[in-house]
Amino acid sequence: MISIPPKFDHIEIENKWYSFWIENKFFKSIPDSKDPYTIVIPPPNVTGLLHMGHMLNNTLQDILIRRARMMGKNACWVPGTDHASIATEAKVVENLKNKGINKSEISREEFLKHAWEWTEKYGGGILEQLKMLGCSCDWDRTKFTLDEDMYESVILAFEILYEKGLIYRGYRMINWDPEAKTTVSDEEVNYVEEESNLYHISYQVENSDQKLIIATTRPETIFGDTAICVNPKDKRYKSLIGQNVIVPICGRIIPIISDTYVDIEFGTGCLKVTPAHDINDYNLGIKHHLDSIDIFDDSANLNHHGLHYEGKNRFVVRNEIEDELKLNSLLVKKESYSHNVGRSERTNAIIEPKISKQWFLKMEEISKPAIDNVLQNENIKFFPNKFKSTYKYWLENIKDWNISRQLSWGHQIPVYYYDKDENYIVAKNKDEALHKLNKKGISVKESDLYQDNDVLDTWFSSWLWPISVFDGIRNPNNDEIKYYYPTQDLVTGPDIIFFWVARMIISGYEFRNKKPFSNVYFTGIVRDKLRRKMSKQLGNSPDAVKLIQEYGADSVRVGLMLSSAAGNDLLFDESLCKQGKNFTNKIWNALRLISGWEIDNKLNQSEVNKIGINWYENKFSFTLDHINENFEIYRISDVLMSIYKLIWDDYCSWLLEILKPEYGEKIDPKSKYQINELLIKNLKILHPFMPFLTEEIFSKISNDEKSIVISSWPKKTKYELKTINDFEITKEIISQIRNYRKDKSISFKTSINLFYVRNNRKLPNVEIIKKIALVNEIKESSKDKFNQVYSFIIKGFEFFIPLEENFDKEIELEKLNKDLNYNLGFLKSVESKLKNEKFIKNAPSNVIEIEKKKLIDTKQKIQSIKKSISDLN
RNA sequence: GGGCGCUUAGCUCAGUUGGUUUAGAGCACUUGGUUUACACCCAAGGGGUCGGGGGUUCGAAUCCCUCAGCGCCCACCA
């Protein structure tokens, strides 16, 4: 007999087994003859810390990968981190600022040195935290998006796409973050409704006394006005179209144009057009061939176009110009107005739409396979399916991807200029650039050659992730990429369906002509109990590491998995971890109980044990089928709930109670062996969810395999539904006897006799009933022999227990009448169905048969209840 | 403004193509229970007119229409 400590010490056990797994290289994968099962991790920010979203996401991946490993696949989970250019650069800039260093005053090289120091200091912590969670990644494969090989892959991808003519440099209206001094993608702008003012400003019509009143929220942009636009159908202004107006303060003469874009109802129906600073105005500008005057510098201060406001901030100018307009009686009206203002997700600065020279990737052509393979032939499946419509909409309206960012931290754009900003060559490095130029017959001095200052959008490296981690960009025919690619499952959040998922699918087909993965599991967002997003400001985000330390990794994993159907938000509450911990405790105590059973080799297996074990084996197989099916459709929380109930209810509450020897008695060797084997099977299906607990117990009770990690998933076996259904009857009978005891205040230690009315069926599991419900004898009998009985009917069997004392006729009658009423009501509904000619005519025969059976059952039941009532009276 | 989705027990959610008794689970709750695995436990129990209204059907939580409320995504009216 092994001695089992009374408490499961998760901290010690987690450390012990994680080291053991690593030492034995169980998570290591190299290509072999087995089928690959591959997941690439969504790389977290290298300097980030583990939060609830990561825990949810990575627990899911670990569950999938551990199960695949047990099913005999070559399981490979590739971990890694992302350089997260905007977020990391912002942190480094801030850190330097605190040290009194301004980014603009140091060289790119110096800045990158600081950035690398920062990364080395704070980087990779998140991967250590994933180990605490139990994640079974192949750590030897850990990648960072700025690793040399990864960097080269990104640069090469740029070159390849450029050669294909898919990358171009163009002028575009971009979102400018004047604080971070960078462009941000459309996806990184948040629109918030804010209070502001609508200014009505008077413009003098040239060579006329007439005035035009325009309404604007941004009076400071009048320096960039290049037209006034009215709706061609607007009678008020029809005659003015084609004339000119004079822009207040700067005196520029601009035309009055017309376009149906202008809403007659809004404001005064006159729109001032500032093509350089508004996306809609920009589009109007292109359509009507207007000049575009950029009035801001990089910090959104006014430049020389702002005349006497030059150098002043846009919001300062807004106030000052209001005064100047007032002074000149040009401000007709100022009304408060609320509208949506775009703010940078990173710095919260108000976004300034700006025309800028940027690098773009043409998306329309290369994204076609991403539409077909998800929406038409389902080569890639989404779980849940509903995200396909979001995906579809985005892809069908896809815009070219602005891939350049005005940052230093990232993959520097491999473009070398040799003639101011106009002529350039795409090359991996300066030497190659010179070489390429030479070949073209262009002679350039090395000192005149300089690289583009911008870096690539972070997603331009992550979209290659499933390929580049296997070096499939640089060496497209290497053994690894051929073996592991396409990967199987991707687990990620729906918030990055466009940023990342769609683009990986696009790059997969573009670079390998194959999908990057077969299934995408979208997790929900982790929220608190009140449905609020977890956030630092609210302080409602639990400390992930603390949770693991307090409850244990297994319990936290179970807590997370208990209530998270794919795509559904998870309302996290610590009580979920507590439930996980209770489950841990339950299983641990089951082990303690079994371990305490001493074997008597002389004993033969009792009928009770035999029946009990046979039932559980059937129940296990039945549940295993269900579990496997649910795994196939990624209903992970349903899987866990099935296992939870199987172990807690069926194994612990029923089977262990059935096998438990009487006090002071021993157990027969066969039963002990079987109960042990069944526990091992339970542990195996639970292992993906609770790796540490299951390994600890497995190590104590299994002799065959070295570790549960590399053990095999239980095989599918046949089961008899009849065995399972019969046992359900048995459970109900036992339940009723318990009710009887409670009703009559009869101790659970006093044995009773149970009778049942003759029936043409054999009562199953008699021995079990006797043991569990403490019944002396179960006999066929007629009720007439007894004065008063407590009776109940289960699946055609009518049971009764003779009553001798504690008999309250009124209570008994009330109970019987209640039961009678229910059954009469039910009978009525069944009868009305069967009397309905249309039902008989139209319903399928099996449905009619069921109804008929119900009718007979219920009639019998009613008769029996009525008899009981009359017997009482 | 455009699109997608949701509304089932106190809470979180199942409920597969309409049909196996008058809707299930987990948690929470109520009541009773502990000398012999576990109170991080055992046993029993209560609790829902399936958001409202209308329709199709022999039959609707399930399909259709409509109203109400909620959520998400996209767009960003000066």
Side-chain angles (χ1 to χ4, degrees), chain A residues 4 6-8 186 189 191 198 214-218 229 261-263 265-274 278-281 337 339-342 384 386-390 392-394 397 494-495 497-498 525 529 531 555 562-565 567-571 573 575-576 578-597 633 635 637-638 641 644-645 652-653 656-657 660 662-664 734-735 738-739 741-743 745 747-748 822-823 825-830 833 836-844 846-851 853-855 857-858:
Chain A
I4 310 288
K7 294 280 170 219
F8 178 74
D186 293 346
V189 181
Y191 288 89
L198 196 57
I214 61 91
T216 180
T217 52
R218 303 199 59 190
C229 191
Y261 165 74
V262 176
D263 179 358
E265 304 296 319
F266 188 91
T268 60
C270 286
L271 171 72
K272 72 184 204 57
V273 185
T274 321
D278 182 281
I279 181 70
N280 297 299
D281 291 14
Y337 177 66
H339 68 141
N340 283 338
V341 176
K386 66 177 178 185
F387 288 111
K388 267 161 74 172
S389 38
T390 327
K392 178 175 183 237
Y393 184 83
W394 187 76
N397 297 284
D495 48 332
I497 188 168
F498 311 130
I525 295 164
K529 248 195 333 201
R531 268 188 199 282
S555 302
L562 271 174
S563 70
S564 66
N568 278 5
D569 285 359
L570 175 95
L571 274 57
D573 185 65
S575 65
L576 288 169
K578 206 173 163 230
Q579 200 184 341
K581 199 172 178 189
N582 293 350
F583 191 39
T584 307
N585 179 63
K586 185 75 190 174
I587 298 167
W588 188 248
N589 278 291
L591 169 71
R592 289 180 60 214
L593 177 67
I594 296 169
S595 309
W597 291 346
I633 52 174
R635 295 181 64 139
S637 57
D638 287 350
M641 191 42 74
Y644 182 88
K645 284 193 278 193
C652 293
S653 295
L656 293 185
E657 291 305 324
K660 193 190 256 180
E662 299 296 331
Y663 185 61
I734 292 167
S735 232
R738 282 170 174 159
N739 271 337
R741 286 181 193 274
K742 195 177 176 185
D743 259 26
S745 302
S747 160
F748 284 81
Y822 173 89
N823 280 290
F826 184 69
L827 182 69
K828 215 172 148 189
S829 82
V830 178
K833 250 189 216 178
N836 187 334
E837 279 173 34
K838 286 176 177 171
F839 173 75
I840 300 296
K841 215 169 100 190
N842 295 318
N846 66 319
V847 173
I848 296 173
E849 281 313 305
I850 288 160
E851 292 302 317
K853 174 108 186 354
K854 282 185 202 169
L855 187 79
D857 284 358
T858 313

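Just so we're on the same page: letters track the sequence lines, and every chain starts at 1. Treat the numbers as computed from the prediction; the structure is a model and nothing was measured.
Evaluation of atom-type donor-acceptor distances gives a pair under 3.5 Å for the side chain of A:Glu657 against the base of B:rA37. Counting atom types as modelled, A:Lys581 pairs no side-chain N or O with a base atom of B:rC40 as donor and acceptor under 3.5 Å.
A:Tyr261 meets the side chain to side chain donor-acceptor pair (under 3.5 Å) test with A:Asn280; sequence neighbours excluded. With sequence neighbours excluded, the residues that form a side chain to side chain contact (heavy atoms under 4.5 Å, CB included) with A:Pro494 are A:Phe387, A:Phe522. For A:Lys586, the side chain to side chain contact (heavy atoms under 4.5 Å, CB included) partners at least two apart in sequence or on another chain are A:Trp648, A:Cys652. Checked against side chain to side chain contact (heavy atoms under 4.5 Å, CB included), A:Gln579 has the following partners two or more places apart in sequence or in another chain: A:Leu562, A:Leu576, A:Tyr644. Not counting sequence neighbours, the partners of A:Arg218 by the side chain to side chain donor-acceptor pair (under 3.5 Å) test are A:Glu220, A:Glu352. Residues satisfying the side chain to side chain donor-acceptor pair (under 3.5 Å) test with A:Asn589, not counting sequence neighbours, are A:Asn585, A:Arg592. Scored by the side chain to side chain donor-acceptor pair (under 3.5 Å) test, A:Asn582 finds no partners at all (sequence neighbours excluded). Annotation: ring pair (Phe, Tyr, Trp, His ring centres under 6.0 Å) contacts of A:Phe826 (sequence neighbours excluded): none.
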5' to 3', nucleotides 3-11 of chain B under a 4.0 Å protein heavy-atom cut-off (B base, S sugar-phosphate only, - none) gives -S-------
Which letter, B, S or -, goes with each nucleotide of nucleotides 16-21 of chain B from 5' to 3', with contact meaning a protein heavy atom under 4.0 Å? ---BBB
Each nucleotide of nucleotides 44-49 of chain B classed B (base within 4.0 Å of a protein heavy atom), S (only sugar-phosphate) or -, in 5' to 3' order, makes BS----
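Base engagement by A:Lys7 is indicated by at least one non-hydrogen atom pair under 4.0 Å involving a base atom.
One interatomic measurement links the two molecules: CG of A:Asn397 to C1' of B:rG1, which rounds to 15 Å at whole-angstrom precision. As a whole-Å value, the separation of A:Tyr644 OH from B:rA14 P is 19 Å. In this structure, A:Leu656 places its CG atom 15 Å from P of B:rC41, rounding to the nearest Å. Distance, A:Arg741 CZ to B:rU31 C1': 18 Å, rounded to whole Å. For the pair A:Lys586 NZ and B:rG26 P, the computed distance is 14 Å after rounding to whole Å.
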Dot-bracket, 5' to 3', for RNA chain B please: Watson-Crick or G-U pairs under 3.5 Å, [ ] where pairs cross earlier ones, | where the partner sits on another strand, dots elsewhere. (((((((..((((.....[....)))).(((((.......))))).....(((((..]....))))))))))))....
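The nucleotide whose nearest atom lies closest to any side-chain atom of A:Phe498 is, among B:rC41, B:rC73, B:rC77, B:rC73. Listed candidates were B:rC58, B:rC41, B:rA37. Nearest to the side chain of A:Asn836 is B:rC58.
Residue A:Arg635 places at least one side-chain N or O under 4.0 Å from the OP1 or OP2 atom of B:rG15.
Of the C1' atoms belonging to B:rC27 and B:rC72, the separation is 27 Å, rounded to the nearest Å.
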